[in-house]
Amino acid sequence: MLLRAQEIRELIRDARGGSVPDYVARALRDRYMEPYEEDAVEIAELLGDLVETARLRIEENGIEPLHDEHGRPPKLPKRERQSVANLAMLMATRSAALLFAERREEALEIAREGLAWGRTAQDHEQLALGLIALYAIYERLGRWGEQREAIVQAYEEARACRNVKVLIDSLLPLISFLIEAMELDEAERLNNEVQTILRDDLTLEDRHSYHAVSLSHAARIARYRGREAESILGFREALRWADAALYPLTRCSILSHLGSSYIMLNQHRQCIECQRELVEIADAIGIDKLRSLAYMNLAETHQRLEEYEQAMELLDHAERYGAGGPWEQISWIMLRRAELLIPLQRSEEAAVLCRQIIESAREVPRIRRLYIALCMLGQIEEQCLRYESALEYYHRAVGETESDRSKYFVAAQLGIARMFHALEQYDEALATLDSIVFREATPPAREIQALRLRAAIAEDLGDLRTVIDCERRAASIEQELLARKSEQSLRSARIMLETDLLEREAELERERRRRLERELASAVVALGDTRHAVAAEKRLRDAIGQSTGTSGYAMTAAVHDVLHAFSSGAHSQETVHHYLSKVEKDFLLRLRQRYPGITRSQERLCGLLRAGLDFKVIGSLLGLQPEGLKALRKRLRRQLGLEPETALEKFLAEF
């Protein structure tokens, strides 16, 4: 859940009687540290005032932060130790707000001071939370070694504090880091640990959110191991758990990963569907930075499909929402626009954008946008037959990519060789071609371009043997590339077919479970006699034993509770509702979230209809005559905002 400035203001207003910093800190311990956009600046300011107040009060008592992690912390009374831990909590959250406000160095300084106060308080939980915040800062700063150290330490501190929520909060980013580092076995082991911990006492909202992220991690591991069908299915399953209203950022992350999987399989239309939903979520929660990124990614996919006009419109949206964002994001939008302008025959406009990027990047050497812009300017000048100017831009691009033998480095070198050839400086052109190192990551098309250029130079020099040799090698690579593309297309089609089959099997399993739940609900209604309870329990146990996963466990516990309730003479109406709330608590939670004005009787009717009970049985359980039940149904339909043609039972079954 996102942290908003309005919530901080409300917490400050509610803490009239006691210590405001302590009150706010205690409330923040149960929140995710994900402030965003314009709220981040205001949250940083609000928490900054609270931090100063808390720090002055603590320092007046002669307490100083313990900056050396190997030092001995002072012996503090319990109350003062808690105040120090609260100060550390405020600093951790403020550092997260500063990070999202793009004040990275200040965020790093505050996070480190927060850790020092956490050590002073000897609070493992707070140390874990502070290290998680520090990990996010190192990640944004690209400091890989310190990033790893911070999240490993966070996990160790979280294990010592015995707080399940904090432990999972440290595990999930650690797993993500290990996946990126390709340490897949360890990532899978820790992800299995998360699934085990999820059975402990957590709120339903936390359980669903963590389960969604864990499923997403498992899908990423499957993707890196070449199990694409399993990966796509895993991401789709994760989306079922990540409700857009409750966990918007989690769902956005999963959609982004799923879209990347589709791109790898050349399934661009499916990727566009993911990106459109991502845009809808970003629009709904009003995060401009996320909106801008979502529109930019959607534009890039349309660009791949050569739908340039549509991509340009999407970039207009990205630019509008990203106008106040960091330079890195704004420059990336400008670069995408320049790339689109070239095939639209608007090269001069593209050149203006590239020059703006180069001018703005003077203080940031060797960044990818800079050498892409230089290469693009070289191409524009080359198209206009201004070879001397193009050569200069290509040389500058190579100078910016000296330490990065990437595809852009090769593209710049090829540009230099082409310009030397156009200027009839053949020796320099051949020397440049000889210096190019083709690696596995280099696109085969670049090697084909190099061979064709070498053939053209040889033809100008009258060396027909070299011309034939280069053309043969280029044709061989082209043939191999075509075969590879054909094989990839077949493989992609096979994977998508396999994914659809697995999806159907999963849906059949879900339907089987829903049917079993309805049967159990009917059985619960029938269990009005304690004498039949023992035999019924055995039958129910056998039925549940064939089900797998958390649903089976939930039903087992629910049935035991219901049998106990019957044996103690509970009223059948309350017993059935108790059963339904146990088995379908996620349904009832989502229902209350979506329709906060729903009444207790309407909620019961929803549960009984979803369970598939007979109309007469429902009326009996609710103590209503047919006319009263019809009136209740009518009020429920109005509350849910259903159209006349929408069946109530179908809506509830699919909700």
Side-chain angles (χ1 to χ4, degrees), residues 1 203-205 207-209 239-248 251 277 280-281 284-285 507 510-528 550-551 554-555 557-559 561-562 565-566 570-655:
M1 303 287 281
T203 66
L204 190 65
E205 286 192 15
R207 189 186 293 268
H208 279 207
S209 175
L239 288 175
R240 291 185 62 249
W241 290 84
D243 187 276
L246 297 177
Y247 326 108
R251 189 171 182 87
E277 184 181 346
E280 290 172 5
I281 296 171
I285 59 181
E507 182 56 40
R510 286 193 290 270
E511 179 57 37
R512 192 180 73 83
R513 288 187 187 180
R514 286 195 290 267
R515 187 171 62 253
L516 179 57
E517 289 176 10
R518 288 195 293 270
E519 291 172 359
L520 288 172
S522 300
V524 168
V525 175
L527 285 175
T550 55
S551 177
M555 286 188 282
V559 170
D561 288 348
V562 169
F566 271 121
H571 191 274
S572 62
Q573 176 181 332
E574 291 300 322
T575 304
V576 172
H577 185 72
H578 178 69
Y579 164 78
L580 292 170
S581 66
K582 284 281 186 178
V583 173
E584 287 277 42
K585 56 186 176 182
D586 59 331
F587 163 71
L588 297 176
L589 173 67
R590 285 184 279 113
L591 193 68
R592 292 172 198 143
Q593 290 279 354
R594 185 81 60 85
Y595 305 101
I598 197 167
T599 65
R600 174 83 167 170
S601 58
Q602 289 171 344
E603 182 186 293
R604 284 175 176 164
L605 178 57
C606 287
L608 294 170
L609 287 170
R610 184 176 167 90
L613 298 181
D614 183 78
F615 196 73
K616 291 182 180 179
V617 173
I618 293 174
S620 173
L621 289 169
L622 296 178
L624 294 174
Q625 296 296 326
E627 293 78 11
L629 185 56
K630 287 179 182 178
L632 180 60
R633 276 178 61 98
K634 189 175 180 180
R635 290 195 298 274
L636 175 60
R637 289 182 64 90
R638 193 161 51 245
Q639 176 69 42
L640 300 178
L642 299 184
E643 298 293 332
E645 63 273 10
T646 304
L648 177 59
E649 288 80 0
K650 183 180 179 182
F651 172 81
L652 292 172
E654 297 175 353
F655 183 78

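Counting all heavy atoms, side chain and backbone alike, Y595 lies closest to Q639 at CD2-O, 3.8 Å.
Counting heavy atoms from C-beta outward, I598 and C606 have side chains that approach closer than 4.5 Å. With a 4.5 Å cut-off on side-chain heavy atoms, L642 and L636 do not count as touching.
Within the 3.5 Å criterion, the main-chain N or O of E643 finds a donor-acceptor partner in the side chain of R637.
Evaluation of the ring-ring contact (aromatic ring centres under 6.0 Å, His included) test over residues 624-651, restricted to residues two or more places apart or in two chains, returns F651-F655.
With rounding to the nearest 0.5 angstrom, the CZ atom of R635 is 13.0 Å from the CG atom of L640. For the atom pair CD of E603 and CG of L605, the computed distance is 11.0 Å after rounding to the nearest 0.5 Å.
Applying the salt bridge (charged side-chain N to carboxylate O under 4.0 Å, His left out) criterion to E649, with sequence neighbours excluded, gives R633. Taking E627 as the reference, Q625 meet the side chain to side chain contact (heavy atoms under 4.5 Å, CB included) condition, with sequence neighbours excluded. S601 meets the side chain to side chain donor-acceptor pair (under 3.5 Å) test with T599; sequence neighbours excluded.
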